[in-house]
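We count ligands from 1, going down the list as the structure has it; atoms in each ligand are counted the same way. Side chains are part of it too, since the values below use all heavy atoms of this structure and drop only hydrogens, waters and symmetry mates.
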Amino acid sequence: MQTQTIETPGGRFRVRLDGPAQAPVLVFSNSLGTTLEMWDAQAQHFAQTHRVLRYDTRGHGGSVVSQGPYSLEQLGGDVLALLDALGIAKASFCGISMGGITGLWLGVHAGERLSHLVVCNSAAKIGTAEGWQTRSALVREKGTAAMAELAASSPGRWFTESFIAAQPARVATAQGWIAGIAPEGYAACCDALAQADLREAIATIRVPTLLIAGASDPVTTVADAQAMQRAIAGARLAEVPASHLSNLEAPAAFDNALAAFLATGA
Ligand SMILES: O=C(O)CC1=CCC(=O)O1
């Protein structure tokens, strides 16, 4: 099956569904500057056991690029609207980086819709408000030229030096995603990250939670994941040999950690 467009009250979303229609649903949520294609390897793997739902986050890929700023509540609400539109009462959710903090918001505010929560390469607060405000202002000022600059610098934020040297084609594919993101959509998601701070709220999460951290992630560190583990009752932590986009850099370790957790049948 190819991608399709789902209309929600908040706008249209580009989604892709794979796997048996009756299988338990597993939602994948992308990071800032990527698209649902970042989950190609995981979709292939988990479509054996799950109905896999991937979507382009608001402002990204083929989904709605509404005027910003966006908020984390809006990004989380988009997931609930998609589940509602597709008639899905409950799902497992796996998000990376911005997708991960979106998952934390869902765990806090809509835990009854989740059977498993997987938060990858993320944190309850990512970076600083000033850093995100600077980035969103730059993108709004320079438009597509800024997106080209971000594409050029993205390998250093996303992958280890050794992966960049060994896998130039995969790195170039990922750079192509960010280069194609609409500037306003990217900037508006930076606005959401500037405001997002769930450091206190995550203590209320009662959904079975797995945290996946990249051992060499300079953006959202292992220490960030350990802090979340201390805050979320019963949360597990898996460390994989990768930088920030760990599902792309270490897919086997990532998939093994995710599969073992999903098999715990929460
Ligand atoms: O800055 C980046 O590209 C890394 C990142 C931070 C949040 C996110 O989703 O990606």
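Taking the ring-ring contact (aromatic ring centres under 6.0 Å, His included) definition, one finds that Phe163 meets it with Phe159, sequence neighbours left out. With sequence neighbours left out, Ala227 forms a side-chain contact (heavy atoms from CB on, under 4.5 Å) with Arg230. Residues satisfying the side-chain contact (heavy atoms from CB on, under 4.5 Å) criterion with Ala201, sequence neighbours excluded, are Val108, Leu198.
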List below, pair by pair, the N or O atoms of ligand 1 and of the protein that are less than 3.5 Å apart, including the distance to 0.1 Å; reply 'none' if no pair qualifies.
residue	atom	partner	partner atom	Å
ligand 1	1 (O)	Arg135	NH1	2.9
ligand 1	1 (O)	Arg135	NH2	3.0
ligand 1	1 (O)	Arg157	NE	3.1
ligand 1	3 (O)	Arg157	NE	3.0
ligand 1	3 (O)	Trp158	NE1	3.0
ligand 1	9 (O)	Leu32	N	2.8
ligand 1	9 (O)	Ser97	OG	2.8
ligand 1	9 (O)	Met98	N	2.9
ligand 1	10 (O)	Ser97	OG	3.1

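Arg54 contributes atom CZ, which lies 5.0 Å from atom CZ of Arg16 (distance to the nearest 0.5 angstrom).
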For the pair Thr34 and Thr57, evaluate side-chain contact (heavy atoms from CB on, under 4.5 Å) and give the outcome as yes or no after the intermediate values.
CA-CA 9 Å; Thr34 64; Thr57 293; over 6 Å; no
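The backbone N or O of Gly59 sits nowhere less than 3.5 Å from a side-chain atom of Ser63 that would complete a donor-acceptor pair.
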